[in-house]
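These notes concern the structure reproduced below.
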There are 2 protein chains.
Amino acid sequence: MDQGPSSGDELLRVLTALASPHRLRIIAALVEGRAYVSQLARRLRMNRPLLYMHLQRLEAAGLVVGTLETAQDGSSVKYFEVVPFALGLTPEVIRTAAQTLAWDGSGPDGSGKD
Amino acid sequence: MDQGPSSGDELLRVLTALASPHRLRIIAALVEGRAYVSQLARRLRMNRPLLYMHLQRLEAAGLVVGTLETAQDGSSVKYFEVVPFALGLTPEVIRTAAQTLAWDGSGPDGSGKD
DNA sequence: GAGGGATGTCAGTCTCATCTGACAGGGGGT
DNA sequence: ACCCCCTGTCAGATGAGACTGACATCCCTC
């Protein structure tokens with residue numbers, strides 16, 4: 001349970017991952033307990049490939065983890081659960097993180113008075 | 001300085017407002033001190049109408065405030081500054097917020113075993 | 001073998017946020 | 001009058017993400 005992402009890019013990844021009503025609902029559902037994809041798709045009434053994509057996005061941000069388990073009957077089931085996180089978000093945190101943001105700005109800069 | 005948004009919709013608004021590299025850089029720049037639109041556009045090397053849109057988005061989320069001031073020479077200048085905020089983000093917070101999320105789900109539901 | 005349930009992936013469509021250039025004002029200084 | 005700097009808003013092009021249906025694959029049960 002880390003207090004915050006290291007680089008600005010990672011913070012951005014977490015924020016974009018959370019900035020979606022679907023993904024918020026997914027996390028909320030997973031807090032109640034772990035579930036596998038098809039099960040969760042039925043529970044949340046959403047398309048399975050769509051849910052799959054959202055889960056991948058959340059996992060890429062490190063907010064959830066999925067483990068492919070082989071049940072006793074041999075069938076493969078992928079369980080997802082929430083990774084406990086605590087993100088403190090303040091202007092100062094953002095200011096610090098913004099210094100390590102991938103920036104597509106063209107030329108090297110530093111001049112210009114304003 | 002409230003600890004968190006009241007409704008899930010407001011949390012979503014804040015998250016979508018922050019989920020943008022440009023807007024993160026804008027906040028980071030405003031933490032250093034207040035600035036007006038054109039000035040900030042030059043400083044961040046971005047299109048002024050574009051910056052204007054981002055600022056509106058941030059203001060709608062309550063993260064920055066803009067005050068249209070009339071300088072001594074009579075010219076109108078709109079200064080923006082950061083609203084101090086402290087957003088604590090945990091799975092539990094999301095779970096609570098998700099209960100008050102605008103939901104476009106069609107029919108009234110509650111049945112279905114899984 | 002037929003059927004059901006699960007994962008993983010794909011091409012294609014579509015909506016929406018982003019981004020740009022340009023315009024219409026307002027005000028001040030030379 | 002002209003030029004400069006500011007705000008506010010617009011239509012249109014662009015692009016990324018969201019979303020869907022369908023397919024291949026595996027395993028188990030009947």
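The sequence lines fix the lettering, A, B, ..., with proteins before strands; numbering per chain opens at 1.
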**Where at least one partner belongs to residues 9-21 of chain B, residue pairs that pass side chain to side chain donor-acceptor pair (under 3.5 Å), sequence neighbours excluded** = B:Ser6-B:Glu10

**Request:** Could you point out which residue of B:Leu30, B:Leu51, B:Val65 forms a side chain to side chain contact (heavy atoms under 4.5 Å, CB included) with B:Phe80?
**Result:** B:Leu30

**Transitive ILVMFWY cluster of A:Leu68, excluding itself - 4.5 Å side-chain cut-off** = none

**Asked** Rounded to the nearest Å, what distance is computed from the CG atom of residue B:Leu40 to the C1' atom of nucleotide D:dT7?
**Response** 15 Å

**Message:** Rounding to an integer number of Å, can you tell me how far B:Asn47 CG sits from D:dG8 P?
**Reply:** 16 Å

**Message:** The side chain of B:Tyr36 is closest to which nucleotide in this list: D:dC19, D:dT9, D:dT7?
**Reply:** D:dT7

**Fill in**
Between OH of B:Tyr79 and C1' of D:dG8 the distance, given in whole Å, is 18 Å

**Complete:** Per the under-4.0 Å heavy-atom filter, residues of residues 52-60 of chain B near DNA chain C come out as B:His54, B:Arg57

**Item:** Which residues share a side chain to side chain donor-acceptor pair (under 3.5 Å) with A:Arg25, sequence neighbours left out
**Value:** none

**Request:** Please collect all side chain to side chain donor-acceptor pair (under 3.5 Å) contacts where either partner lies in residues 52-61 of chain A, sequence neighbours excluded, each pair once.
**Result:** A:Arg23-A:His54

**Message:** Going by side chain to side chain donor-acceptor pair (under 3.5 Å), name the residues that satisfy it together with A:Ser76, two or more places apart in sequence or in a different chain.
**Reply:** none

**Request:** Find the distance A:Ile26:CD1 to D:dC19:P and express it as a whole number of Å.
**Result:** 10 Å

**Request:** Could you check how far CZ of A:Arg23 sits from C1' of D:dC19, rounded to whole Å?
**Result:** 13 Å

**Item:** Residues B:Ile94, A:Leu18; criterion side chain to side chain contact (heavy atoms under 4.5 Å, CB included); working and verdict
**Value:** CA-CA 9 Å; B:Ile94 293 178; A:Leu18 289 178; 3.8 Å; yes

**Item:** Residues which pass side chain to side chain contact (heavy atoms under 4.5 Å, CB included) with B:Arg48, listed by chain and number, not counting sequence neighbours
**Value:** B:Val37, B:Ser38, B:Ala41

**Prompt:** Side chain of A:Val77: nearest nucleotide among C:dT20, D:dC6, C:dT7?
**Reply:** C:dT7

**Complete:** Besides A:Met53, the hydrophobic cluster formed by Ile, Leu, Val, Met, Phe, Trp and Tyr side chains linked at under 4.5 Å, directly or via other members, contains A:Leu50

**Request:** Assign a letter to each nucleotide of nucleotides 23-30 of chain C from its 5' end: B, base within under 4.0 Å of a protein heavy atom; S, sugar-phosphate only; -, no contact.
**Result:** ----SS--

**Fill in**
To the nearest angstrom, the CG-P distance between B:Leu68 and D:dC6 comes to 14 Å

**Asked** Reckon A:Lys78 has a side-chain N or O less than 4.0 Å from the OP1 or OP2 of C:dA6?
**Response** no

**Asked** Are side-chain heavy atoms of A:Leu24 and B:Leu15 found at a separation under 4.5 Å?
**Response** yes

**Prompt:** Quick one: B:Arg43 CZ to D:dC6 P, roughly how many Å, whole number?
**Reply:** 12 Å

**Request:** Take A:Val37 and B:Ala19, find for each the nucleotide of DNA chain C with the closest heavy atom, and name the residue whose nucleotide sits nearer the 5' end.
**Result:** A:Val37

**Complete:** Sorted by chain and residue number, the side chain to side chain donor-acceptor pair (under 3.5 Å) partners of A:Gln99 (sequence neighbours excluded) come out as none

Could you list the protein-to-nucleotides 13-15 of chain D atom pairs, N/O on both sides, closer than 3.5 Å?
none

**Request:** Mind checking side chain to side chain donor-acceptor pair (under 3.5 Å) for A:Ser75 and listing every partner two or more places apart, or none if nothing turns up?
**Result:** A:Asp73

**Request:** Please report, rounded to the nearest Å, how far the C1' atom of C:dT20 is from the CZ atom of B:Arg45.
**Result:** 18 Å

